[in-house]
Trainee: 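This is the structure I want to talk about, given as structure tokens.
The sequence lines fix the lettering, A, B, ..., with proteins before strands; numbering per chain opens at 1. Quick note: numbers below take in every heavy atom, side chains included, and nothing from hydrogens, waters or symmetry partners.
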Amino acid sequence: MNSVRKMVRGVGIVFAAIGILLDPGAAFAQKANDTFRVIINEPISSLDYYMGAERMNIIMSHHLYDTLIYKHPGTGEFVPALAESYEVVDGKTIEFAIRQGVKFHNGETMTADDVVYTLNKVSDPAFGALYKIAVQWIDRAEKVGDWRVRLHMKEPNPVALEWLAGFIPIYPQAYYEKVGREGMATRPIGTGPYQLESVDPGSYWKLKRFEEHFKGSPKGNAIGSIEFRLIPEVNTQITEMMVGGADFTWGFPPDVAKRLQGRPGIEVHNVPILRIVYMLVNLKKDSPLKDVRVRRAIMHAIDRDKIMKTFVGSGSQVIHSPCNPVQFGCATEVTKYNYDPERARALLVEAGYKDGFELDMLVAINPTTSRAIQEALIANLSAVGIRLNITSQHWAAARESWIGKTYPLMLMGWGSWGISDVAMMTSEFFNGGDVDLVDDDRVVSLIAKGDSEIDRKQREQYYAEAIGRIADEAFFLPLWTYNVNYAVSKDVSVTIQPDEIARFFNATWK
Amino acid sequence: MLAYIIKRFALALAVGLFVSALSFFLLYAAGDPATAILGPSATQVDIENVRRMYGFDRPVIVQYFDWLWRALQGNFGWSYYLRVPVEVVIAQRLPTTFLLGICAIMFALVLAVPLGIAAALKPNSLIDRAALVLSVVGQAMPSFWFALILISVFSVAYPILPVSGSATWRHFVLPTIVLGYYAMPAIMRLTRSGMIDVLDSDYIRTARSKGLTGRQIVFKHALRNAIVPVISLAAAQFGFMLAGSVVVESVFAIQGAGRLAWESILRGDIPTMQAVILIFSMTYVLLTLLADLLNAWLNPRMRLG
């Protein structure tokens, strides 16, 4: 036995020696090279921010570009960025004092003309910004002084500052006019703390510190370079972390987080995020769900606390409202449906479903709606007589089914764009539009008032009343908030915020 | 022979076009490409905007012929998702997949043909049984799982090879083994059965009676005939490797064309998907054509047919 062990150990030493000879740099952290190596699990589609459509595009844009104002991730306050200050003139007008001396990556100086150009250009329907919602509220921008810009809105927009702080980066007019959309996608120029060094479209992106990034910026750039490498497979991601081939990865499930815990050189964190998981009720289709007692029975039948703790992770919480409790306007003092299968059975009997019934449910395939969660829901509902027939579809098809009102029940997740306001959550589902499957007049009216009111207290009241009614009538079956796991090398200090916008520019070496 | 080649080439083109048309319509059946491009955060307004911008609001048949017309002029368009010309991204990804496929098929042939010959020379012997076990395991083991095992051993326990990427030759070692091992059993079993049949034939008995050495009989007379179906199979396997490399490319984070095809389907990136499918299908058909020509060269009787 000893001789076998010796042999195995000997083989190990020989292999390790070969490894070091073949790749002497592999064993050392990239701190020495001042390069922060980030693994991402979905690609960055376009470096032309307005033509991208993924969260990674938003994250990349925060590194390459700057916005007029910046939302401090810790305090939630809007602080100056490319604008030194701003003044809300009235409900539909904001005036900005543009910061002087800001350089673009190509050495040109940013002016008020660049700001006016960007705001007018991207809000023009002919420009075709991929996410129109982020810019369609802008009426026009005008220069009212050498360094002053006035922004006019079409209607009062209570989340205007959110859009301006995170989703409307300023482009260099001269450069964009010269290279156009295609040039910006491959050789982006912004004022951000990092500039593009190299790119392999769809798989690898390397940024380097922009040495002339403006003084007084709320963003940092302490680390010299940041590498983004796409690795879609979660086991490969964590293996790279384990062998020191990467400094950061995220978005892996709880069981993987447990495997990584305690590994030398790695810290594993979990952070609750704005994303919530829910079941959407379709009252436009004939089904037992038209009876409020059945909807309430479903809520009583699901042991949300147990399912969440088992399959989602400790960073989440059970919710009772159609929004994340940390979002502005998310009323939490609402009707609560605790786990009570007996009550669920009684409600079904009362509704005339003594023998239960079959119910079709559509699942939008996503990490938040895993197979394990589906099975747990099937088991819970089956225990009270509701037999779920599940159809899983990728998002594109699921969205069509949603709008087509094909299924009476849908299991989904929603991230609110990382904006902590129910206007980006509850309003999306109850605004009387194509995706509103309830169309309750009272709720639609309250949501419309909340979405156009500037006074925060008044907004809160409108939303609270709407959310209260949604919960009473069980128009929406909320399950839990979601969370994200991330692993980071012990050499690096970086924090992920609930908005899922990773601010790697704030990372520092320890 | 020239007429035969032209006819086969035209057939290849027809197959490629048929496959591209089929995939185009299947993509639409799978869901709205505008929604796939935008992802879950999009509002209905955003989706309508993209539909108009990309012309998805036109009839599907019009969109297909529009794509086909441009493709025939060598213009595959811009990737909806990556925002670069499709030719550029394919030129970056395709060589990696081809390189991996060539390495894997070489690995499979080098391992499978000698094993098949050895097993055929001594049927039901220990080496035959060992070869059988090797082929059954290779066929049954999911490549995904095998890849993770190799990473655990050669990248974690004994770190001599990198976990992922495609920057150096070392990055290709483990993916080659995984992809090649999956193709190996079929080649080995076919070599074995072919060799057993040939070794039992009259002309081999004649060769033996003439006093030729074992080596001469096996390599000069038996293998040349037994290898004919193996060549066709190897060509087909290579085609499968190109299209089926998506799992291996995902596990080892290799930026190849297999993964590009998969990602473009998921994200409704029609120009990229169409170009990749056309290239893959054409490659597959051309490989089959080359295999037929090679077989005709090796076996004069096939030329007559």
Trainee: Above 12 or not: heavy atoms from other molecules or residues under 6.0 Å from CH2 of A:Trp137?
Mentor: yes
Trainee: Please state whether the side chain, the backbone, both or neither of B:Glu263 comes within less than 4.5 Å of a heavy atom of chain A.
Mentor: side chain
Trainee: Heavy-atom count check: over 12 atoms from other residues, nucleotides or ligands less than 6.0 Å from B:Met141 CE?
Mentor: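 Yes.
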Trainee: Under 3.5 Å, is there a donor-acceptor pair between the A:Ser203 and B:Arg93 side chains?
Mentor: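 B:Arg93 and A:Ser203 do not have a side-chain donor-acceptor pair below 3.5 Å.
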Trainee: Of the backbone (N, CA, C, O) and the side chain (C-beta and beyond), which part of B:Ser79 lies under 4.5 Å from a heavy atom of chain A, both, or neither?
Mentor: neither
Trainee: Quick one: CE on A:Met242 to OG on B:Ser152, what's the gap to the nearest 0.5 Å?
Mentor: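 Here the interatomic distance stands at 7.5 Å.
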Trainee: With a 6.0 Å cut-off (strictly less than), is the heavy-atom count around CG of B:Leu126, excluding the residue itself, greater than 12?
Mentor: no
Trainee: Can you tell me how far the CD atom of B:Gln92 sits from the CG atom of A:Asp200, to the nearest 0.5 Å?
Mentor: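 It is 5.0 Å, given to the nearest 0.5 Å.
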Trainee: Heavy-atom pairs under 4.5 Å with chain B are the metric here; pick the option from A:Gly433, A:Pro201, A:Ala185 that has the most.
Mentor: A:Pro201
Trainee: Are there more than 12 heavy atoms of other residues, nucleotides or ligands under 6.0 Å from atom CZ of B:Arg58?
Mentor: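 Atom CZ in B:Arg58 is crowded, with more than 12 foreign heavy atoms closer than 6.0 Å.
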Trainee: Once you round to the nearest 0.5 Å, how far does CD1 of B:Ile47 lie from CG of A:Asp434?
Mentor: 9.5 Å
Trainee: Using the rule given for side-chain contact (heavy atoms from CB on, under 4.5 Å), can you reason through A:Leu230 versus B:Arg259, listing the C-alpha separation, both sets of side-chain angles and the distance that settles it, and then say yes or no?
Mentor: CA-CA 12 Å; A:Leu230 177 73; B:Arg259 265 200 49 220; 3.0 Å; yes
Trainee: Can you tell me which portion of A:Leu47 sits under 4.5 Å from chain B's heavy atoms? Options are side chain, backbone, both or neither.
Mentor: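 For A:Leu47, there is no contact with chain B at all, as no heavy atom is under 4.5 Å.
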Trainee: More than 12 foreign heavy atoms under 6.0 Å from CD1 of B:Ile102: is that the case here?
Mentor: yes
Trainee: Would you say the side chain of A:Arg229 lies within less than 4.5 Å of the side chain of B:Ser164, judging by non-hydrogen atoms?
Mentor: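 With C-beta onward as the side chain, the pair touches.
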Trainee: Where does B:Val251 contact chain A at under 4.5 Å (heavy atoms): side chain, backbone, both or neither?
Mentor: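 Contact with chain A is through both the backbone and side chain of B:Val251.
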Trainee: Report, as yes or no, whether the 6.0 Å neighbourhood of atom OH on B:Tyr182 holds more than 12 heavy atoms from other residues, nucleotides or ligands.
Mentor: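 Not buried by this count: 12 neighbours or fewer within 6.0 Å.
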Trainee: Can you tell me if A:Glu233 uses its side chain to pair, donor with acceptor, with the backbone of B:Phe252 under 3.5 Å?
Mentor: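 Checked: no pair found.
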Trainee: For A:Ala364, is it the side chain, the backbone, both, or neither that has a heavy atom closer than 4.5 Å to a heavy atom of chain B?
Mentor: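 Contact with chain B is absent: no heavy atom of A:Ala364 under 4.5 Å.
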Trainee: When rounded to the nearest 0.5 angstrom, what is the spacing between CD1 in B:Ile151 and CD in A:Glu240?
Mentor: 8.5 Å
Trainee: Against chain B, label A:Gln136 side chain, backbone, both or neither, depending on which of its atoms sit under 4.5 Å from a heavy atom there.
Mentor: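 Contact with chain B is through the side chain of A:Gln136 alone.
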Trainee: Does some side-chain heavy atom of B:Phe144 sit less than 4.5 Å from a side-chain heavy atom of A:Asn235?
Mentor: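 Answer yes - side chains close enough.
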Trainee: First locate atom CE of A:Met51, then atom CH2 of B:Trp78, and finally report the distance between them rounded to the nearest 0.5 Å.
Mentor: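 Separation between the atoms: 12.0 Å.
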